[in-house]
Structure formats: C-alpha cells, structure tokens
Amino acid sequence: MKRTLAILTGIITTMGILVVFALATELLFTLPKMIDGVEPSEIWKNIPIATLILRLLSATVSVFIGTILSAKIDRKNIKINFIIISSVFTLFATINFLGIKEPIWFWIIMIMTFYPVTFIAYKFLQRKLLNTSQTYKPINE
C-alpha cells in the first residue's frame, strides 16, 4: 500500500509540475497556431529553441521533485519506485514523440533524461540519509 501511494504521489506530482511549467512556457513564448493544411513539422520548425530547452528543464525538475517526494513516503523501496516512475515518464515521452513532430534531437534528449535524473535523485537522497543518520545517532549508555 505504501509503495503504491509513493509511486502514485511521484507520478501525480511530476505531472502537476509539468503542467505548471507548460502553462508558464505558454505565457512566456507564444506558440504558432495550427493552420489547416500545414504539416505539424513545419510549425515546429518555427518554435524558439528556448521553448524546447525550457520543456527539457521542466521535465528534469519535475521528475527530480516527484521522485524525492516518492522516497519520502516509502523509504524501503526507493530504487524500485524510482525505476517505475522513470519508466512511466519514458513511456509517456515515447508515446508523445509518436504524436507530436518536434525536432528529433529534442525527443532523444527528453527520452534519455528520466533515468539519469532519478539516479541523481537517488544518490542525492542516499547522501542526505547517510548524513542525517550519522548526525542523529542515538547514544547507547
């Protein structure tokens, strides 16, 4: 039960942060409107590179925060939860790639982002947990 709650919290948190970043991106950069008869790949050629970089940054930050929150709920299965969360978002990014024709370099980086970010979050938590356990050792007398 705790593992399921941790995984769902990680996924929902990550999705929520991605939505907030997507709305912020729309406010900062005006995206071209879809025109009938125009190939979507032609529309994506005119999008500023800063928009794509901001989307990569939002994916990185949101997965990092989502996995950290997941680990705070279930500390026993951190590795497995991180693998599941990163697999879900890698799958989402792959499905999204099939439907939206953005530049190929963007999707290669996006799909390859989730596992390293969760690994960095895992190492970050591992270091943090080790430091706190050393600091707050109970004194046995």
Side-chain angles (χ1 to χ4, degrees), residues 1-36 38-141:
M1 182 69 174
K2 207 172 191 181
R3 176 192 278 176
T4 305
L5 181 64
I7 292 170
L8 286 176
T9 301
I11 291 172
I12 291 169
T13 302
T14 302
M15 291 174 91
I17 294 170
L18 279 171
V19 167
V20 168
F21 270 109
L23 293 174
T25 304
E26 282 186 27
L27 291 174
L28 292 173
F29 304 101
T30 56
L31 298 176
K33 295 184 177 169
M34 298 295 277
I35 302 170
D36 292 333
V38 176
E39 284 290 319
S41 60
E42 293 297 320
I43 293 173
W44 286 105
K45 286 180 183 175
N46 298 327
I47 290 188
I49 194 132
T51 304
L52 297 174
I53 291 172
L54 193 60
R55 288 182 58 198
L56 287 172
L57 181 67
S58 70
T60 303
V61 169
S62 61
V63 168
F64 186 82
I65 293 172
T67 51
I68 297 276
L69 287 177
S70 170
K72 289 200 176 273
I73 293 173
D74 184 14
R75 290 180 184 243
K76 290 181 182 177
N77 303 307
I78 293 175
K79 274 186 181 178
I80 295 170
N81 294 349
F82 282 11
I83 290 170
I84 291 171
I85 291 170
S86 59
S87 297
V88 165
F89 283 100
T90 301
L91 179 67
F92 286 168
T94 305
I95 291 170
N96 204 8
F97 168 67
L98 297 174
I100 300 174
K101 301 299 179 195
E102 291 172 338
I104 191 76
W105 65 266
F106 172 76
W107 287 110
I108 290 171
I109 294 172
M110 177 70 86
I111 290 170
M112 294 176 66
T113 296
F114 299 112
Y115 286 109
V117 168
T118 54
F119 180 75
I120 290 168
Y122 173 72
K123 288 298 182 184
F124 172 77
L125 278 176
Q126 198 175 32
R127 182 179 299 164
K128 185 177 177 187
L129 292 175
L130 285 176
N131 287 341
T132 56
S133 66
Q134 290 173 356
T135 306
Y136 300 109
K137 274 189 178 176
I139 300 173
N140 294 331
E141 295 183 25

Roughly how far apart are [X] [atom1] and [Y] [atom2], rounded to 0.5 Å?
{"X": "Leu5", "Y": "Ile12", "atom1": "CG", "atom2": "CD1", "result": "9.0 Å"}
{"X": "Lys72", "Y": "Ile78", "atom1": "NZ", "atom2": "CD1", "result": "10.0 Å"}
{"X": "Asn77", "Y": "Ser70", "atom1": "CG", "atom2": "OG", "result": "9.5 Å"}
{"X": "Ile80", "Y": "Arg3", "atom1": "CD1", "atom2": "CZ", "result": "4.5 Å"}
{"X": "Ile108", "Y": "Ile104", "atom1": "CD1", "atom2": "CD1", "result": "5.0 Å"}
{"X": "Ile68", "Y": "Phe124", "atom1": "CD1", "atom2": "CZ", "result": "5.5 Å"}

- Query: Is the closest side-chain heavy-atom distance between Ile65 and Ile17 below 4.5 Å?
  - Reply: yes

- Do Ile83 and Thr118 have side chains that get closer than 4.5 Å, going by heavy atoms? no

Using every non-hydrogen atom in the two residues, find where [X] and [Y] come nearest and quote the distance to one decimal.
{"X": "Phe114", "Y": "Ala93", "value": "CE1-CB, 3.8 Å"}
{"X": "Thr9", "Y": "Thr13", "value": "O-OG1, 2.6 Å"}
{"X": "Met110", "Y": "Arg55", "value": "CE-O, 4.0 Å"}
{"X": "Val61", "Y": "Phe21", "value": "CG1-CE1, 4.2 Å"}

- Under the criterion side-chain contact (heavy atoms from CB on, under 4.5 Å), which of Val20, Thr14, Thr67, Val117 is the partner of Ser62?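 So, applying the side-chain contact (heavy atoms from CB on, under 4.5 Å) to Ser62 and each of Val20, Thr14, Thr67, Val117, only Thr14 qualifies.
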
- Message: My understanding is that only residues two or more places apart in sequence, or in another chain, count here; which of them pass ring-ring contact (aromatic ring centres under 6.0 Å, His included) with Tyr122?
- Response: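 Tyr122 satisfies ring-ring contact (aromatic ring centres under 6.0 Å, His included) with no other residue.
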
- By ring-ring contact (aromatic ring centres under 6.0 Å, His included), which residues pair with Phe89, not counting sequence neighbours?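 Phe92.
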
- Ser58 side chain to Leu18 backbone, donor-acceptor under 3.5 Å: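 Flag not set: sc Ser58 to bb Leu18 has no pair under 3.5 Å.
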
- Determine, stepwise, if the pair Thr113 / Val63 fulfils side-chain contact (heavy atoms from CB on, under 4.5 Å). CA-CA 9 Å; Thr113 296; Val63 168; over 6 Å; no

- Message: I need the full list of side chain to side chain donor-acceptor pair (under 3.5 Å) pairs touching residues 80-95, with sequence neighbours left out, sorted by first then second residue.
- Response: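 Passing the test, one end in residues 80-95: Asp74-Asn81, Ser87-Tyr115.
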
